[in-house]
Amino acid sequence: MKGFSELRFAGPKLVFVVFLIMFSLMFLPFHVFQSETVAYTQRVYSDIYQKAVDALLTTLSIGYFQWNAMFNAFETENYEFIDSMFEEILNDISPVRSINVIERPKEFSAAKDYELFVANEELYAYTNVRDSLADNTTERFVVMISIDKRLVLESLSMADRISFSNKGDKLFAYGLHVDIKGYDLYNWLVFHAFASGLIGVLLMMEVLAIAFSRYHQTQGLQTTVYMWEMQDPYTTFHSKNVAIIAEALGKRLKLRKKKLVELVNGAKLHDIGKMGISTSILRKRGPLNEIEWEVMLSHPERGKRLLEQFKYLGKYIPYAYMHHEREDGSGYPRGLKGEEIPFEVKILAVADVFEALTANRPYREAYSFPQAAEMMTEMPLDQEIVSELCKALPELEKELSDRGVSGDTWVKVV
């Protein structure tokens, strides 16, 4: 991955920020999930716990303390019977930790079957003693039951998620303090979030490396072509003007946006192969000899070889290599014709010829736009594109009205 090699060029702040964002994006949903899980556990488990304790006290109240035998034992102070019943309760009902007879507290009404309260983070309950029909209630004495809150929790299979603690930060049933466990994924999530942050940094650098490489290769070569053209008054702005014409034609021919951008960039790079040709040939005033023509005709091949050296510029090779091919096979370097030439390259060929005809030469004035378009109807170019060129003349007059093409030197345009 280029991201590894490009990482050293990124500022530490950028790397840290991207890492922190990716880490947070992975970790925060888990934190929210844990919070929701804890809140749900607190709410639902608390309700279940209360119902379990109420069921326990209801069972004790109805089963033992609304009973003629127990009522009579309290009335006659038959502690032998009472103690035997208490022993039975302690043996048979494990959550009951202790059970005692006490004098009725002022706050406990005789109208209630039982009343539960918390003292020092422990559960207790007062229970009235009544006859079997609950018509009569003992006035002086009641039963106080101590409930083992942890055994109730274990009986409900909640002990793996809930633990009672005097310092617990969550309120549970009856105001008891508890610690509630979320899912035990914390360590795994930290590792996963860390790995995601690292991968995010590398992916970011990979994307940036590719984007920067593509941008700088394309823009860098276009700038190089422009600077090369600036060395000669005739060719100054040639590639840019060809790109303007090609773009106008591409829009009229309804090229997709991606293809249109490719066409414009290809137009700006189409003559890049001439950069390897001696200026003595390019600027020669008189006719070229056979060897010089052979060199000049090699510029499409030179452009192709040059663009092949750049990883992301392969799609522009046809523009540099085929823009002198013609519909009837009379072009070069391969003599392609008709459908063998890509449609976008045909657009470039029309734009290139039109730009050349409407530029001033030392030996002639530039042809007017209508004259150039009329001449091109007789050339072996795609006539559908030439027809669109004719329709676009007013637009091109406006777009190219301020182009600076003049001078007294002549570069061979082939």
Under the side-chain contact (heavy atoms from CB on, under 4.5 Å) test, which residues partner [X], sequence neighbours left out?
X      : result
Ser387 : Lys391
Ile147 : Val53, Leu56, Leu57, Leu116, Leu123, Ile145, Val152
Glu374 : Thr377
Lys51  : Asp47

Please name all residues satisfying side-chain hydrogen bond (donor to acceptor under 3.5 Å, both in side chains) with [X], sequence neighbours left out, ordered by chain then number.
X      : result
Tyr49  : none
Glu301 : none
Glu121 : His177
Lys304 : Glu308

**Message:** Return the CZ to CD1 distance between Arg43 and Ile48, rounded to the nearest 0.5 Å.
**Reply:**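 Going from CZ on Arg43 over to CD1 on Ile48, the span is 11.5 Å.
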
**Asked** Which value, rounded to the nearest 0.5 Å, describes the distance between Ile180 atom CD1 and Ile162 atom CD1?
**Response**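 Going from the CD1 atom of Ile180 to the CD1 atom of Ile162 covers 4.0 Å.
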
**Asked** How would you list all residue pairs meeting side chain to side chain donor-acceptor pair (under 3.5 Å) that involve residues 141-158, not counting sequence neighbours?
**Response**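 Listed once each, the pairs are Arg97-Ser146.
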
**Asked** Sequence neighbours excluded, which residues qualify as ring pair (Phe, Tyr, Trp, His ring centres under 6.0 Å) partners of Phe86?
**Response**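 Ring pair (Phe, Tyr, Trp, His ring centres under 6.0 Å) list for Phe86, sorted by chain: empty.
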
**Request:** State which residues pass ring pair (Phe, Tyr, Trp, His ring centres under 6.0 Å) with Phe117; sequence neighbours excluded, sorted by chain then number.
**Result:**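 With neighbours one apart ignored, the set is Tyr124, Tyr126.
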
**Request:** Report the residues that fulfil salt bridge (charged side-chain N to carboxylate O under 4.0 Å, His left out) with Glu103, sequence neighbours left out, ordered by chain and then residue number.
**Result:**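 Per chain and number, Glu103 pairs via salt bridge (charged side-chain N to carboxylate O under 4.0 Å, His left out) with Arg140.
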
**Message:** So that I can tick it off, tell me whether Lys346 and Glu327 are bridged by a salt bridge, with the cut-off set at under 4.0 angstrom between side-chain N and carboxylate O.
**Reply:**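 Salt bridge: yes.
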
**Prompt:** Is the His238 ring parallel, tilted or perpendicular to the His270 ring (thresholds 30°, 60°)?
**Reply:**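 Tilted: the ring planes of His238 and His270 meet at 30° to 60°.
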
